[in-house]
Amino acid sequence: MERREKRILIVDDEPMITDSLKQNLVEEGFTVDTAATGAEAIELFDGSAPHLVLCDLQLPDTDGMSVLKHVKDANPSTEVIVITGYGTVKGAVEATKAGAFYFVEKPFDFEQILPLIEKAMERRELVAETENMRRQLSTRTEYFNIIGASKPMQTIYETIEAVAKSDANVLIVGESGTGKELIANAIHYNSLRAKKPFQKVNCAALPKELVESELFGHTKGAFTGAHADKDGIVQHAAGGSLLLDEIAEMPVELQPKLLRVLQERSYRKVGSERTYPADFRLISSTNRPPADAIRDGALRDDLFYRISTITIHVPPLRERAEDIQILTEHFFKLYARKYARPINGVSQAAYGRLFAHDFPGNVRELQNVLERAVLLAKGTKIEPVDLPFDNGAAPAAASPQTAAWEVPPNMTLEEMEKIVIEKTLQRTGGNKQAAANMLGIYRPRLYSKIRKYKIESGSSATA
Ligand SMILES: Nc1ncnc2c1ncn2[C@@H]1O[C@H](COP(=O)(O)OP(=O)(O)OP(=O)(O)O)[C@@H](O)[C@H]1O
Ligand SMILES: [Mg+2]
């Protein structure tokens, strides 16, 4: 335990006590503040955030309990040792209940209180460490093969965790390539059905006439070409999960049947009256906003309500630009390993191009771009020439392209710099590391410019 950084606040109105305690504690290497009243104590506490508070229960302006409560409300990991004057065990017990670490009765000597202080410090350290660990765990950069540290991705991880263990129907909505299937996998493999099959059907890929028999199976002779009895996917998914991909493309005529299966938890094969139990957890996905599909008559609203007990919206990559960097790192390393290429990085200018791109194909597009770049790169770094964006979309640091914008008259260089920084931060979704890369400056310089120009730099920045 490094004592030098340990700060203690002593609160007592008897200078005899505070002075001698302070002297002893300073000799032990602690940093010590003293207060004679409750008001002074609270002010000092708020200002200096001590690790430990030693507090008399009897103070001239208030009682020690209110100081204790203030401390515990403001920072629960701060330990408090209560000092009592009259052997009033009652007050001391009350204080312990309110979160005091321990109490000592006056008069006490230093040898008695020092071990208590050390113990309290130790406990505070542990609590702080646990808290720290919890906080670190809760900003995840990766979850079940899903890479992403942005706020919306954190929310998605939390949602998956919250719903996976239930049998709730989940609808995943997001543009193509945003990772809907990865999310569906994470739900299934986090659920109690993880060891049972996970069946996936792309509703858009099946011929209209075959969807029903593919899903529910058919009996021999049910239709031309049905030469034998056949189990459907629902049968194969028994006990596990079923992913209906592109649910908005499911033939409208079939939708009431699926709805009935979900309501009655049983199904019939095509050509048979016999019912079988339907034991699967349904996950659906769509890259078409459900409201549009319902409006266009492609998706029945009664089915929609049934399948979307929980809806997960996956934002497009351009709306979480702060994930571009971490995904880029992940993919270039992945492909460098796969193709045994000696790539060890992505140049600032290449990052600039990546951050400036819109990624209509989302993460899938980024992944493809990097696979190609790893194969094309001549040196050890991926450079702008290795990227397929050649339409001047990115005014990268290495190749400034000013044609895209007019320089307004009567503007100072500083005014322009401010605008450029603001625009760049907008582009990167507030990510300062990404913006610094794009602008070709180091992050500390960007920070000082942000301060200088008083730029609202957003809160989503993780870097
Ligand atoms: N957050 C992510 N982390 C790592 N890889 C991702 C991520 N999101 C998507 N990918 C990768 O991008 C590709 C597309 O992902 P996925 O198939 O899950 O997208 P989708 O939303 O289902 O797309 P579609 O609507 O076209 O079916 C996959 O190779 C997947 O591994
Ligand atoms: Mg998909």
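Numbering of residues begins at 1 and proceeds along the displayed sequence. For ligands, and for the atoms within them, numbers begin at 1 and follow the listed sequence.
Ring planes of H188 and F198: parallel class, angle under 30° (limits at 30 and 60°). H357 and F359 have perpendicular rings, their planes meeting at more than 60° on a 0 to 90° scale where under 30° would count as parallel.
Taking a 4.0 Å cut-off on heavy atoms, N145 registers as neighbouring ligand 1. Not a single heavy atom of G148 lies less than 4.0 angstrom from ligand 1.
With respect to atom 25 (O) of ligand 1, the closest heavy atom belonging to the protein is K180 NZ, 2.6 Å. Protein heavy atom in closest approach to atom 26 (O) of ligand 1: S176 OG, 2.5 Å. At the shortest separation from atom 27 (O) of ligand 1 among protein heavy atoms lies R364 NH2, 3.9 Å. The protein atom (non-hydrogen) at minimum distance from atom 3 (N) of ligand 1 is I147 N, 2.9 Å.
E175 pairs in a salt bridge (charged side-chain N to carboxylate O under 4.0 Å, His left out) with only one of the listed residues (R364, K180, R318), which is R318.
If you number the atoms of ligand 1 from 1 as listed, the ones under 4.0 Å from a heavy atom of E181 come out as 17 (O), 18 (O), 22 (O). Set against the non-hydrogen atoms of L327, the atoms of ligand 1 under 4.0 Å away are 2 (C), 3 (N), 4 (C). Listed by number with element, the atoms of ligand 1 under 4.0 Å from a non-hydrogen atom of I146 are 1 (N), 3 (N).
Put simply, the side chain of Q348 never gets that close to the backbone of L439: no donor and acceptor are under 3.5 Å apart.
Contact check on K200 versus D245 returns no salt bridge, with no Lys/Arg side-chain nitrogen under 4.0 Å from an Asp/Glu carboxylate oxygen.
Counting heavy atoms only, Q367 comes closest to atom 28 (C) of ligand 1 of the residues Q367, M153, E365, E142.
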